[in-house]
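Have a look at the structure below before the remarks.
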Amino acid sequence: MTTILDKPMPSPAAADKPIKPIDPNRTRATPYVFVAPAMSGIGLFVLLPALLSFIGSFFAIPLAPGANWKWVGFDNYTSVFGDPAAHRAIENTLLYCAMTIIPSLVLGLLLALLAESLRHGRTLVRTALFLPMTANLVAMAVVFKWIFALQGGFANQALAWIGIAPVNWLNDTRYSLISVALVGVWRGVSLTMLLFLAGLTTIPGAIHEAAAAEGIRGWAKLRTLILPMMKPTIVFATVLSILTSIQAFDQINVMTQGGPQESSETVLTYTWKVGFSYFQLGKASALSFVLIAVLIGIGLIRRRAFSAEQR
Amino acid sequence: MTTSPVPARLIKWLLVLIAVVISLFPFYWMLRTALAPQSQQLADGLGFWPSHLDFGNFARAWNKANLGQALLNGLIITGAILLLQLITCVPAAYAFAKIRFRGSGVLFGVVLACLLIPTQATMVPTFIGINIFGLGDTRIGLVLPFYSSAFGIFLLRQQMLSIPDALLDAARTDGLGPWRTLLRVVVPMSMPSIAAFAVFSVFTHWNDYLWPLLVARSPDLATPPLRLAVFQQADIGFDYSALAAGAAIVTAPILILFLFAQRRFVQGMAGGEIAG
Amino acid sequence: MPTVELRAVEKNFGTVKALDAIDLSIADGEQVAILGPSGSGKSTLLRVIAGLETHDSGTLTVDGVDQRAVPAHRRDMAIVFQHFALYPHLSSLGNITLGLRYGLKLSKQEARARAHDVATRMQVEHLLDRKPREMSGGQRQRIALARALARRSGVVLLDEPLSGLDAQLHAALRVEIAELLRSVNATGVNVTHDQVDAMAMADRVAIVNHGTVEQVGTPDELYAVPATVFVASFVGSPPMNLAPVGEDGSSVFGARRLRVDGPVTLGVRPERLHFTAGDVDLDWRARGRVALIEPNGADRVVHVELDTPGPRRTFAVRCRSGEQPPLGAAVDLSCAPNDVHVFAGEQDRRLGTVAELGGELAMAGAQ
């Protein structure tokens with residue numbers, strides 16, 4: 001960095017010196033050199049596997065290195081569609097999404113608005129509300145498992161205190177999915193709130209002043225000014241919430257392991273079992289792709305509805 | 001915001017208070033459980049604080065779960081991933097934000113598409129590939145799939161877009177060349193978003209459970225969450241005191257990092273503008 | 001010291017022609033302003049000269065040396081960017097020395113010495129340790145200028161150097177920059193949309209519009225003999241009064257008819273119009289009503305709404321304070337034939353004054 005050149009330096013004005021022309025190849029190559037390492041990474045570990053996963057869903061895949069893939073056509077898909085456990089997993093995933101995405105978005109927005117409007121202790125409140133997002137989900141799942149424990153768990157102690165019989169949160173088919181979804185919401189709200197707070201700060205102060213001057217307040221202000229201006233944030237938060245929810249795995253694997261009787265089995269935990277406990281990798285790929293197809297379908301419908309509304 | 005009537009403000013504070021309590025309760029419960037003697041766990045009931053404090057739980061968790069080794073693994077793996085991601089994503093983000101080149105639109109489209117591909121679509125083939133190359137159950141296998149990050153490119157580019165073009169013109173007339181421009185102008189000016197992304201990356205990979213669960217089969221390689229998960233499934237499954245203490249140990253580093261980096265992190269995620 | 005020569009320079013952005021056959025020669029040590037409205041291509045022109053954009057055709061030479069293959073930092077040029085473009089994370093010293101060290105490859109000591117030298121000359125030494133955000137707009141401007149001058153280039157390019165400064169500072173810096181550039185004998189090229197800046201700082205002004213140079217001349221030439229309708233309408237405050245001549249030869253000067261062949265525009269400077277009741281035979285006259293009076297220190301600018309058929313048209317008349325008619329008054333305006341400029345043809349070029357063209361164009365009295 002600090003090489004000191006003691007040669008007399010050519011002044012740029014020295015026209016007698018031959019001027020080196022710009023090497024067009026070098027300049028043109030620079031952006032490609034800049035993007036190549038990053039693109040190779042996502043190409044190799046996101047794009048290619050996604051593609052292989054799709055192709056692999058038509059094969060029987062042995063795990064042993066060097067063993068040949070065997071073409072099985074749609075067998076993996078028929079196996080998925082004929083598998084009640086897979087049905088259950090897809091159903092549970094959609095239920096889990098419904099139970100987590102909407103509350104996360106609504107509560108996150110509400111809390112962001114509340115936290116923004118506080119005059120005192122704003123930073124402290126924010127920090128407290130951000131913590132769930134940062135926590136290690138496996139560690140927190142361990143804690144939640146203890147909170148939801150049948151005997152001595154806080155949840156049941158609290159119920160007993162108001163005179164309700166204990167609930168077997170994690171080992172009752174009726175409650176297991178709700179229990180893990182509660183953890184998902186606890187964490188999801190924290191993330192969406194951060195995004196919404198960020199979105200709120202991008203609204204210029206002049207807008208608030210103009211609204212105050214015109215007497216636009218409360219619900220009217222939220223509906224006519226704040227929400228429309230936060231549209232990009234809302235879209236981003238929705239996409240992120242969907243992605244987080246369909247990929248829910250950590251707390252489920254720790255708290256219920258998909259049980260009891262597949263009552264909290266989601267596509268990801270089930271894929272994991274099919275792939276890495278039963279080693280049916282082709283079927284696992286097919287399962288992933290069924291879910292992705294459902295997601296793309298939902299995305300397309302939403303998009304159509306959105307653009308129809310725009311018109 | 002100006003002068004809400006008293007009941008409205010009271011309701012607001014009540015709602016905030018409930019939210020804060022729910023948000024913090026698991027942390028409180030974790031500490032309470034970790035500090036109470038194992039024998040007192042059921043007897044203490046709903047008392048706010050355990051009747052006796054007992055730090056032995058931490059020692060038991062640390063030793064039985066071999067958390068020291070796990071924390072070290074976590075540190076090495078998270079650090080390696082962070083370093084690699086910065087090296088790959090910062091130049092790419094700069095090129096996408098500020099250099100016009102043929103194919104940039106298509107390539108950035110690929111980045112955006114990758115943002116939306118869920119883990120489950122890539123998990124199986126990545127695992128097979130890592131095994132084929134003999135990297136299963138190695139540190140390299142834990143790090144390699146994450147050496148680049150579509151999210152990192154996306155986030156950093158977003159912020160670099162706000163660097164005024166005139167500054168890059170100035171760097172050109174100053175004769176800095178592409179690499180010097182990147183290191184001496186773009187990187188210092190993008191520090192807030194680089195910091196935000198760094199914190200995000202550390203969170204993600206310190207907390208990651210799924211990939212280590214697949215790859216790190218030998219206990220020596222276990223990362224903190226994996227170690228903790230194995231610990232709770234093993235014989236110690238009902239020693240909630242030790243489990244809570246272990247959870248606290250695993251959670252603490254990230255929590256402390258967050259408390260220090262909160263402002264930067266939130267600003268960076270908020271798309272905070274570059275000072276100047 | 002260098003001369004800068006542009007010959008038939010063209011630049012396209014996709015299908016948009018940003019520069020169209022630009023010819024411009026800038027002499028050694030000369031101060032030239034490039035004046036035009038936003039979107040006229042004046043900034044593109046500066047960027048082509050600086051080497052930040054490469055032109056598609058034509059030649060650009062500095063002291064006879066073709067610059068096409070010369071990258072920006074190897075040209076004998078320094079540039080002061082719009083809004084200063086100081087690196088926010090570096091101190092003033094760092095801002096000045098960065099290019100000296102890596103662009104000109106000076107040693108660390110040499111670069112520092114130059115920075116201190118130029119800072120002393122500009123009396124900004126006390127600012128060298130400060131970062132851009134710790135300085136006022138005027139201080140930042142001086143550091144941006146110091147950064148450019150420290151390169152000791154023969155040509156200094158300035159891109160709207162005074163935009164974003166408040167009015168007082170603007171006026172003071174205008175003079176300061178002009179003096180500084182002359183004192184270092186640099187050739188200066190100053191892009192601006194502000195005609196007052198252009199006139200005050202430059203020996204010659206090039207008026208640019210739609211990617212072409214409409215006229216190059218001294219400030220006086222531009223004012224007295226505008227080459228096109230555009231120049232006439234852009235230079236002067238208020239600008240020249242302009243009125244098209246109808247197809248039948250009728251004009252705002254009711255009594256006068258012209259023989260026209262294609263579109264013709266007449267123009268009169270505000271200070272060349274007089275309020276007269278007299279009837280000097282040669283004068284061109286128009287009638288109207290006073291619509292607005294603009295006080296302007298010793299002068300008044302009186303806006304007169306003309307009584308002509310067709311679209312509403314107002315003429316501005318400059319007169320001394322106290323000589324203006326009352327608001328709403330009906331007035332007669334008159335001017336001498338050698339103050340009426342005639343523009344015609346495809347490019348609305350100036351043909352001359354009515355007096356000069358008299359025989360060919362003007363028909364005395366009604367037909």
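Sequence lines set the chain letters: A, B, ... in the order given, protein chains first and strands last, and positions in each chain run from 1. Everything numeric in this text was worked out from a predicted model, so none of it was measured.
Using a 4.5 Å cut-off between heavy atoms, B/Val111 touches chain A through backbone and side chain atoms alike. Using a 4.5 Å cut-off between heavy atoms, B/Phe203 touches chain A through its side chain atoms alone. For chain B, the nearby parts of A/Ser40 are the backbone and the side chain; heavy atoms of each come within less than 4.5 Å. Neither the backbone nor the side chain of B/Leu226 comes within less than 4.5 Å of any heavy atom in chain A. Contact annotation for B/Ile99: only side-chain heavy atoms (C-beta onward) come within less than 4.5 Å of a heavy atom of chain A. Contacts of B/Trp13 with chain A are made by side-chain atoms alone, with heavy-atom separations under 4.5 Å and no backbone atom involved. At a 4.5 Å heavy-atom cutoff, the contact between B/Ile153 and chain A is made by side-chain atoms alone. Heavy atoms closer than 4.5 Å to chain A are found nowhere in B/Ser104, neither backbone nor side chain. At a 4.5 Å heavy-atom cutoff, B/Arg100 makes no contact with chain A through either its backbone or its side chain. For a residue to count as touching a neighbouring chain, one of its non-hydrogen atoms must lie under 4.5 Å from one of that chain's; by this rule A/Ala115 does not touch chain B. Of the atoms belonging to B/Phe146, not a single heavy atom falls under 4.5 Å from chain A. Both the backbone and the side chain of B/Leu144 come within contact range of chain A, with heavy atoms under 4.5 Å apart. Contact of B/Phe25 with chain A is made through the side chain alone, with heavy-atom distances under 4.5 Å. Only the side chain of A/Leu243 has a heavy atom closer than 4.5 Å to any heavy atom of chain B.
Using a 4.5 Å cut-off on side-chain heavy atoms (C-beta onward), B/Phe96 and A/Val35 make contact. Put simply, the side chain of A/Trp146 does not reach to within 4.5 Å of the side chain of B/Leu243, judged on heavy atoms.
To the nearest 0.5 angstrom, B/Ile128 atom CD1 is 6.5 Å from A/Ser285 atom OG. Atom CZ of A/Phe154 is separated from atom OG1 of B/Thr33 by 11.0 Å, given to the nearest 0.5 angstrom. Between atom OG1 of residue A/Thr30 and atom OH of residue B/Tyr94 there is a gap of 9.0 Å, rounded to the nearest 0.5 Å.
Counting heavy-atom pairs closer than 4.5 Å to chain B, the top-ranked of the candidates A/Thr127, A/Val189, A/Val125 is A/Thr127. Heavy-atom pairs under 4.5 Å with chain B were tallied for A/Ala36, A/Ala38, A/Ser288; the largest tally goes to A/Ala38. The candidate from B/Trp206, B/Phe133, B/Trp179 with the greatest count of non-hydrogen atom pairs under 4.5 Å with chain A is B/Trp179. Of the listed residues B/Leu213, B/Val199, B/Thr126, B/Val90, the one with more heavy-atom pairs under 4.5 angstrom with chain A than any other is B/Leu213. For the options A/Leu287, A/Ile147, A/Leu200, heavy-atom pairs under 4.5 Å to chain B are most numerous at A/Ile147. When each of A/Thr271, A/Leu48, A/Ile246, A/Val267 is checked for heavy-atom pairs under 4.5 Å with chain B, A/Ile246 comes out on top. For the set B/Ala247, B/Pro145, B/Gly246, B/Ala95, the count of heavy-atom pairs under 4.5 angstrom toward chain A peaks at B/Pro145. Between chain A and the options B/Leu210, B/Leu17, B/Leu24, the largest number of non-hydrogen pairs under 4.5 Å is found for B/Leu210. Most heavy-atom pairs under 4.5 Å with chain B, from the set A/Leu44, A/Leu51, A/Leu131, A/Leu107: that is A/Leu131. Annotation: maximal heavy-atom pairing with chain A below 4.5 Å, among B/Val16, B/Val20, B/Asp208, B/Leu214, occurs at B/Leu214. In terms of non-hydrogen atom pairs under 4.5 Å with chain B, the most contact-rich of A/Leu47, A/Ile55, A/Val46 is A/Val46.
Heavy atoms only, all atoms of each residue included: B/Ala150 and A/Ile42 are closest at N-CG2, 3.7 Å. Residues B/Thr122 and A/Ala50 share a closest heavy-atom pair of CG2-N, 4.0 Å. Closest non-hydrogen pair, B/Arg102 versus A/Tyr32, comes out as O-OH, 2.5 Å. Closest heavy-atom contact between A/Val143 and B/Pro26: CG1-O, 3.5 Å. Closest approach of B/Met123 and A/Leu268 over heavy atoms only: CE-CD1, 3.9 Å. Taking all atoms of both residues into account, the shortest heavy-atom contact from A/Gly41 to B/Tyr147 is N-OH, 3.1 Å.
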Report the C-alpha distance between A/Phe148 and B/Trp29 in whole Å, list the side-chain angles of each, state the deciding distance to 0.1 Å, and finish with yes or no for ring-ring contact (aromatic ring centres under 6.0 Å, His included).
CA-CA 12 Å; A/Phe148 286 129; B/Trp29 201 248; over 10 Å; no

Please evaluate residues B/Ile22 and A/Trp186 with respect to the criterion side chain to side chain contact (heavy atoms under 4.5 Å, CB included), reporting the C-alpha separation (whole Å), side-chain torsions for both, the decisive distance (0.1 Å), and the verdict.
CA-CA 8 Å; B/Ile22 292 175; A/Trp186 175 76; 4.2 Å; yes

Check the pair B/Val250, A/Val138 against side chain to side chain contact (heavy atoms under 4.5 Å, CB included), reporting the backbone distance first and the verdict last.
CA-CA 9 Å; B/Val250 170; A/Val138 170; over 6 Å; no

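Put simply, the residue from A/Thr134, A/Asn136, A/Asp250 that forms a side chain to side chain donor-acceptor pair (under 3.5 Å) with B/Asn207 is A/Asn136. Between B/Val124 and the options A/Val274, A/Leu52, A/Leu281, a side-chain contact (heavy atoms from CB on, under 4.5 Å) holds for only A/Leu281.
Within a 6.0 Å radius of CD1 in B/Ile87, more than 12 heavy atoms belonging to other residues, nucleotides or ligands are found.
Aromatic ring pairs are classed by plane angle as parallel below 30°, tilted from 30° to 60° and perpendicular above 60°; the pair B/Phe258 and A/Phe130 is perpendicular.
One N or O on the side chain of B/Ser23 and one on the backbone of A/Ala128 form a donor-acceptor pair closer than 3.5 Å.
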